[in-house]
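Encoded as structure tokens, the structure appears first; notes follow it.
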Amino acid sequence: MRGQWRFHRHVRGVVDLSAPDARGAVVVAAAGRLLEGASGGAPAGFAPGYAAPPGLEPYIVRSSGRAVPGAGCRFAAGAIYALRLEHGDGVTEVTAAGRVSRLARLPRSGLENGLAFDATGRFGHRLLVTATANALTSVFAVDCRGRTELITRSAPRVEGGLVVAPAGFGRFSGELIAPDERSGRLYAIDQRGRVRLLARSGLPHGPDTGVESEGFVPARFANALVADRRTPRNHHPGDDQILTLSRSALAAAGGRPGALLAVTEGGARTIAVDCGRTCRVSHVADGPAIAHVEGHIVFR
């Protein structure tokens with residue numbers, strides 16, 4: 001039996017969520033601001049010095065806190081990194097204390113549309129950022145000093161809640177996993193820029209429709225969370241809310257720890273992808289038909 005994404009909390013302009021910190025607090029990117037909410041509490045203001053253009057998609061990730069080999073530094077513990085979509089492309093750093101600065105400026109390569117931390121080390125524990133122009137995506141790796149390396153300029157069109165596959169995810173372990181809403185495909189990109197097809201989602205696809213958000217199921221969690229952004233005049237108009245899927249509902253549908261979850265932008269249809277020697281795709285959950293899902297899937 002498939003699980004069901006359900007209403008958790010209304011947040012005006014919600015577009016992405018960070019992984020929780022040690023207290024269980026999640027940072028929410030919404031209406032050009034950052035909010036912070038602990039489990040059961042309403043999100044409150046965080047980092048008043050931060051602002052992004054309302055209506056755009058400044059996706060966020062929480063710092064890995066890891067040292068970068070050869071860089072002589074580590075990413076600040078508890079910091080939030082956001083796509084910088086005005087005043088020069090790049091990445092904004094927001095420390096746990098709320099201080100805001102530019103981490104990196106990226107070469108102009110199209111619209112920045114995804115970021116993920118490498119926790120495995122295959123990309124040197126750096127922050128990975130994508131930018132898409134026409135049908136091609138550039139992938140950059142950014143270290144803790146803001147130094148940037150181009151990984152590839154010729155990946156397929158991808159965007160959304162990117163993730164790096166953990167150890168144990170078959171032959172794709174340590175690779176950047178990126179969805180393409182238009183084709184419904186999931187791609188794996190390695191540190192040399194080589195691209196392989198991970199899986200076809202088997203779900204409806206097209207602009208504002210296909211797979212958009214991703215997350216790997218951890219061993220321990222209570223609920224998965226994802227942003228459902230209000231998008232007027234869209235076939236899936238959304239409702240400015242955070243959606244939740246319980247651990248028990250996901251497990252009952254076959255979503256096991258270590259699996260990749262991928263959710264469609266339209267309707268929050270959800271697959272679990274298990275990869276060993278081969279990859280198996282299972283349709284494990286659905287959401288409200290009007291849902292307009294953005295950003296990362298997070299677990300707490």
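Side chains included, hydrogens not; waters and symmetry mates left out as well; all remaining heavy atoms used.
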Problem set entry | Heavy-atom pair with the smallest gap, counting every atom of A268 and V293 | CB-CG2, 3.8 Å
For this session: Using modelled atom types only, decide if a donor and an acceptor are shared between the side chain of S109 and the backbone of A131 within a distance under 3.5 Å.
Result: no
Problem set entry | Heavy-atom closest contact (A47 atom, G98 atom, distance) | CB-O, 3.8 Å
Seminar exercise, completed: P179 and L186 have their tightest heavy-atom pair at CB-CD2, 3.7 Å
Problem set entry | Lys/Arg N to Asp/Glu carboxylate O, R84 vs D89, below 4.0 Å | no
Exercise. Do you know the tightest heavy-atom contact between V284 and G254?
Worked result: CG1-C, 4.4 Å
Problem set entry | Sub-4.5 Å side-chain heavy-atom contact between T132 and L111 | no
Exercise. Checking R300 side chain against G24 main chain: does a donor-acceptor pair fall under 3.5 Å?
Worked result: yes
Exercise. Any donor-acceptor pair under 3.5 Å linking the side chain of S63 with the backbone of G78?
Worked result: no
For this session: Answer with yes or no whether the side chains of D208 and H235 bring together a donor and an acceptor at under 3.5 Å.
Result: no
Exercise. Between F75 and F117, does the ring centre distance come in under 6.0 Å?
Worked result: yes
Exercise. Is it true that the side chains of Y59 and E112 contain a donor and an acceptor less than 3.5 Å apart?
Worked result: no
Problem set entry | Electrostatic pair E175-R194, nearest N-O below 4.0 angstrom | no
Exercise. Donor-acceptor pair, H236 side chain versus A289 backbone, under 3.5 Å?
Worked result: yes
Exercise. Is there side-chain contact between L115 and T130, with heavy atoms separated by less than 4.5 Å?
Worked result: no
Problem set entry | Test applied, salt bridge (Lys or Arg N to Asp or Glu O under 4.0 Å); reference residue, R229; option that passes from E57, E265, E212 | E57
Exercise. Does any N or O in the side chain of T264 come within less than 3.5 Å of the main-chain N or O of G266, such that one atom is a donor and the other an acceptor?
Worked result: yes
For this session: Report the C-alpha distance between H8 and L225 in whole Å, list the side-chain angles of each, state the deciding distance to 0.1 Å, and finish with yes or no for side chain to side chain contact (heavy atoms under 4.5 Å, CB included).
Result: CA-CA 8 Å; H8 174 65; L225 303 172; 4.3 Å; yes
For this session: Give a yes or no answer on whether the side chain of D21 reaches the backbone of R23 with a donor-acceptor pair at less than 3.5 Å.
Result: yes
Exercise. Roughly how far, to the nearest 0.5 Å, is the CZ atom of F140 from the CD1 atom of I151?
Worked result: 9.5 Å
Exercise. Going only through I, L, V, M, F, W and Y residues with side-chain contacts under 4.5 Å, is there a path from Y50 to F46?
Worked result: yes
For this session: May I ask you to decide whether R126 forms a salt bridge with D143, counting only side-chain N to carboxylate O separations under 4.0 Å?
Result: no
Exercise. Under 3.5 Å, side chain of S18 to main-chain N/O of V26, donor-acceptor pair present?
Worked result: no
For this session: Decide side chain to side chain contact (heavy atoms under 4.5 Å, CB included) for E159 and L162; before the verdict, give the C-alpha distance in whole Å, the side-chain angles of both, and the deciding distance to 0.1 Å.
Result: CA-CA 7 Å; E159 69 169 296; L162 312 181; over 6 Å; no
For this session: Would you indicate whether R122, at its atom CZ, is surrounded by more than 12 heavy atoms from other residues, nucleotides or ligands within a distance under 6.0 Å?
Result: yes
Problem set entry | Pairwise side-chain contact, V91 with L127, heavy-atom cut-off 4.5 Å (strictly under) | yes
Problem set entry | Separation between SG of C144 and CD of E93, rounded to the nearest 0.5 Å | 9.5 Å
For this session: May I ask you to decide if P207's main-chain N or O and T209's side chain share a donor-acceptor pair within less than 3.5 Å?
Result: yes
For this session: Report yes if the side chains of I177 and L198 come closer than 4.5 Å at any heavy-atom pair, otherwise no.
Result: yes
For this session: Answer with yes or no whether the side chains of R99 and S101 bring together a donor and an acceptor at under 3.5 Å.
Result: no
Exercise. Are H292 and E294 close enough, and set up right, to give a side chain to side chain contact (heavy atoms under 4.5 Å, CB included), and what steps lead you there?
Worked result: CA-CA 7 Å; H292 191 101; E294 299 282 0; 3.3 Å; yes
Exercise. Do L83 and T92 have side chains that get closer than 4.5 Å, going by heavy atoms?
Worked result: no
Problem set entry | CG on L245 to CZ on F299, rounded to 0.5 Å | 8.5 Å
Problem set entry | Point-to-point distance, once rounded to the nearest 0.5 Å, from CZ of F7 to CD of Q241 | 6.0 Å
For this session: Examine F172 and I271 and state if one hydrophobic cluster contains both, with Ile, Leu, Val, Met, Phe, Trp and Tyr joined whenever side-chain heavy atoms are less than 4.5 Å apart.
Result: yes
Problem set entry | Shortest non-hydrogen contact between V14 and A227, atoms and distance | CG2-CB, 3.7 Å
For this session: Show your reasoning for whether side chain to side chain contact (heavy atoms under 4.5 Å, CB included) applies to V298 and F221.
Result: CA-CA 10 Å; V298 302; F221 72 102; over 6 Å; no
Exercise. Do F216 and L17 belong to the same hydrophobic cluster, where Ile, Leu, Val, Met, Phe, Trp and Tyr are linked whenever their side-chain heavy atoms lie under 4.5 Å apart, directly or via other members?
Worked result: no
Exercise. Is it the case that one hydrophobic cluster holds both V164 and V139, taking links as side-chain heavy atoms less than 4.5 Å apart, direct or via other members?
Worked result: yes
Exercise. Are side-chain N/O atoms of T244 and W5 paired as donor and acceptor at under 3.5 Å?
Worked result: no
For this session: Working to the nearest 0.5 Å, report the span between OG of S282 and CG of D274.
Result: 6.5 Å
Exercise. Would you say the side-chain atoms of R145 pair up with the backbone N or O of G72, donor to acceptor, closer than 3.5 Å?
Worked result: yes
For this session: Take atom CZ of R256 as the centre, draw a 6.0 Å sphere, and report whether it contains more than 12 heavy atoms from other residues, nucleotides or ligands.
Result: no
Exercise. According to a 4.5 Å side-chain heavy-atom criterion applied to Ile, Leu, Val, Met, Phe, Trp and Tyr, with indirect links allowed, do V61 and L56 form part of one hydrophobic cluster?
Worked result: yes
Exercise. In terms of side-chain geometry, is the basic nitrogen of D286 or R2 positioned less than 4.0 Å from the acidic oxygen of its partner?
Worked result: yes
For this session: Give a yes or no on whether the backbone of N234 and the side-chain of T231 come within a donor-acceptor separation of less than 3.5 Å.
Result: no
Problem set entry | CZ (R230) with more than 12 external heavy atoms under 6.0 Å | no
Problem set entry | Spacing of R12 atom CZ and L35 atom CG [to the nearest 0.5 Å] | 9.5 Å
For this session: Identify the heavy atoms of T120 and A165 that sit nearest to each other, and give their distance.
Result: CG2-O, 3.4 Å
Exercise. Tell me, do S213 and H296 make a side-chain contact under 4.5 Å, heavy atoms counted?
Worked result: no
Exercise. Is the closest side-chain heavy-atom distance between D180 and V211 below 4.5 Å?
Worked result: no
Problem set entry | Heavy-atom side-chain proximity of L243 to P288 below 4.5 angstrom | yes
